[in-house]
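To start, the structure itself, in structure tokens.
Keep in mind that what you see is a predicted model, and the values were worked out from it rather than measured. Note that the numbering runs from 1 along the sequence shown for the chain.
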Amino acid sequence: MINDGIENIYAKPVTFPIYQTSSYIVPEGEKYRYTREYNPTVENLGREIMRIEGSEDYNVFSSGMGAITTTLLALSQPGDRILTHLDTFARSYHFIKEFMGRWGVRSDVSIPGTENILSSIKKDTKIVFIESVTNPILRVNDIKAISERCNEVGSLLIVDSTVPTPYNIKSIKLGADIVIHSSSKFIAGHNNVISGLAAGRRDLMEKIDAMRRTLGTTLDPNSAFLTETGMKTLDIRMEKINSNAMKIARGLKDNKYIKRVIYPGLSEHRDYHTAVKYMKGYSGIVCFEIGMDAMKFIGNLKRIIPANTMGGVDSIASIPKTMSHRSLTPDELKILGVDDHFIRLSVGIEEPEEILDDINNALSHQ
């Protein structure tokens, strides 16, 4: 046998190893047949998100959008009604509104804000899909209040909590049935991997798992290893990022070239009291409106990286209108208040003074 004595070949590793294999020798493991279905490295990552979120079960995906699309396809059918809000990530919004609509699933879209979401939940709403802290305008939705309304009508509540991470808010404990993360962002934390995670009720996770194995939205073991490695430092990174973001948000308020600053930790934020009530920290996204063209601004930056992502150890600036939310219509962007002067800053772990200086210098060269 080719596996004779295999148990004597390897020592027990400190770091969970990468099971770089497409399939497994039978009949030893009934569960392990093919890596598209199950892989120990991928499962190790899943067990970690289950532990952190305090959920009954988990699923791991090839991307955050893979987590969202697989979850929604697994839990809905033609004739169902799904509610989301306009200030979600644009890909999520279009998937629910357009793609799901072509398959006979009805969609409702609320304008931003918890009260608007609550008033949009109908008696026949099957799924409510929200972001705990929205991308890009940083509204903080009251998960507990929305969960209570969902329970009244029998809706499932799915929460994308990519922006705050489980370090800052525990969606399951506040009543979410499922929490989803684009773990490519803050959870992995180094802009070197694409992955997605979901955690929640076991009966729902089992349905989603079957859909994942069918669709093939499965994470590869190398990416699982990188994500889990990044996750080990999530707490210490988010503690520093939270602190940096607060200092930067306060510092930007004093800049004469900046018209407004959006950050949940500022007392003037529309959802400040909700943030204080439920969040440990206010995470690492700071948005602001400048008095100059956004493309010229990011071209002037020396320290901050211009890119279409967020959540890494390096500070990154993006322009939602032309990047993450470029597919929205002018009217939709107007409702969000996102225009050519709107900047989304993903704060890293550098010294905050370096980031403020870079922003100030970029703005001063108009």
Does atom [atom1] of [X] have more than 12 heavy-atom neighbours from other groups under 6.0 Å away?
| X | atom1 | value |
| --- | --- | --- |
| I194 | CD1 | no |
| H273 | NE2 | no |
| R270 | CZ | no |
| I335 | CD1 | yes |
| K334 | NZ | no |

Closer than 3.5 angstrom, by distance alone: can the side chain of [X] be matched with the main-chain N or O of [Y] as a donor-acceptor pair?
| X | Y | answer |
| --- | --- | --- |
| H341 | M292 | yes |
| E131 | F89 | yes |
| S55 | D57 | yes |
| N168 | G281 | yes |
| D271 | T274 | no |
| S183 | S195 | yes |
| N244 | G348 | yes |
| K170 | I52 | yes |
| S346 | G311 | yes |
| N242 | S283 | yes |

Is there side-chain contact between [X] and [Y], with heavy atoms separated by less than 4.5 Å?
| X | Y | result |
| --- | --- | --- |
| I262 | H269 | yes |
| Y38 | D209 | yes |
| N39 | Y19 | yes |
| L363 | F297 | yes |
| Q20 | N222 | yes |

In this structure, would [X] and [Y] fall into the same cluster of hydrophobic residues linked by side-chain contacts under 4.5 Å?
| X | Y | answer |
| --- | --- | --- |
| I68 | V109 | no |
| I187 | I178 | no |
| I137 | V261 | yes |

Working to the nearest 0.5 Å, report the span between [atom1] of [X] and [atom2] of [Y].
| X | Y | atom1 | atom2 | value |
| --- | --- | --- | --- | --- |
| T21 | Y34 | OG1 | OH | 10.0 Å |
| I290 | I258 | CD1 | CD1 | 8.0 Å |
| T84 | H94 | OG1 | NE2 | 11.5 Å |
| D108 | L83 | CG | CG | 6.0 Å |
| L73 | K207 | CG | NZ | 14.0 Å |
| E152 | S147 | CD | OG | 10.0 Å |

[Y]/[X] salt bridge by N-O under 4.0 Å criterion:
| X | Y | answer |
| --- | --- | --- |
| E53 | K173 | no |
| K240 | E351 | yes |
| R202 | E206 | no |
| R303 | D357 | no |
| K321 | D339 | no |
| R201 | D177 | yes |

Check the side chains of H325 and E332 for a donor-acceptor pair under 3.5 angstrom, ignoring hydrogens and angles.
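Result is no, nothing qualifies.
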State, without any angle test, whether R81 and S107 hold a side-chain donor-acceptor pair at a distance under 3.5 Å.
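Result is no, nothing qualifies.
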Qualifying residue for side-chain contact (heavy atoms from CB on, under 4.5 Å) with N141, from V133, V159, I130:
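Of the listed options, the one satisfying the test is I130.
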Stepwise, does the side-chain contact (heavy atoms from CB on, under 4.5 Å) test hold for F288 with L345?
CA-CA 8 Å; F288 52 96; L345 176 68; 3.9 Å; yes
Given salt bridge (Lys or Arg N to Asp or Glu O under 4.0 Å), test D87 with R139 step by step and report yes or no.
CA-CA 8 Å; D87 51 328; R139 295 300 303 266; 5.9 Å; no
Closest approach of [X] to [Y] (non-hydrogen atoms, all atoms of both residues):
| X | Y | value |
| --- | --- | --- |
| S76 | M100 | OG-CE, 3.0 Å |
| K247 | P352 | CD-CG, 3.8 Å |
| V338 | P136 | CG2-CG, 3.9 Å |

Starting from the C-alpha separation in whole Å, work towards a yes-or-no answer on salt bridge (Lys or Arg N to Asp or Glu O under 4.0 Å) for K31 and E43.
CA-CA 12 Å; K31 178 179 181 180; E43 288 185 87; 2.4 Å; yes
Qualifying residues under ring-ring contact (aromatic ring centres under 6.0 Å, His included), relative to F95, sequence neighbours excluded
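F95 satisfies ring-ring contact (aromatic ring centres under 6.0 Å, His included) with F99 once adjacent residues are dropped.
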For R36, enumerate each residue passing the side-chain hydrogen bond (donor to acceptor under 3.5 Å, both in side chains) test, keeping only those at least two apart in sequence or located in another chain.
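Scan of R36 (side-chain hydrogen bond (donor to acceptor under 3.5 Å, both in side chains), adjacent residues dropped) gives none.
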Run through the side-chain heavy atoms of Ile, Leu, Val, Met, Phe, Trp and Tyr, join any pair under 4.5 Å, and report what else lands in V179's cluster.
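Under the 4.5 Å side-chain rule, V179 groups with I172.
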Residue pair E98, R102: steps toward the salt bridge (Lys or Arg N to Asp or Glu O under 4.0 Å) verdict:
CA-CA 6 Å; E98 297 166 11; R102 293 201 296 270; 5.4 Å; no
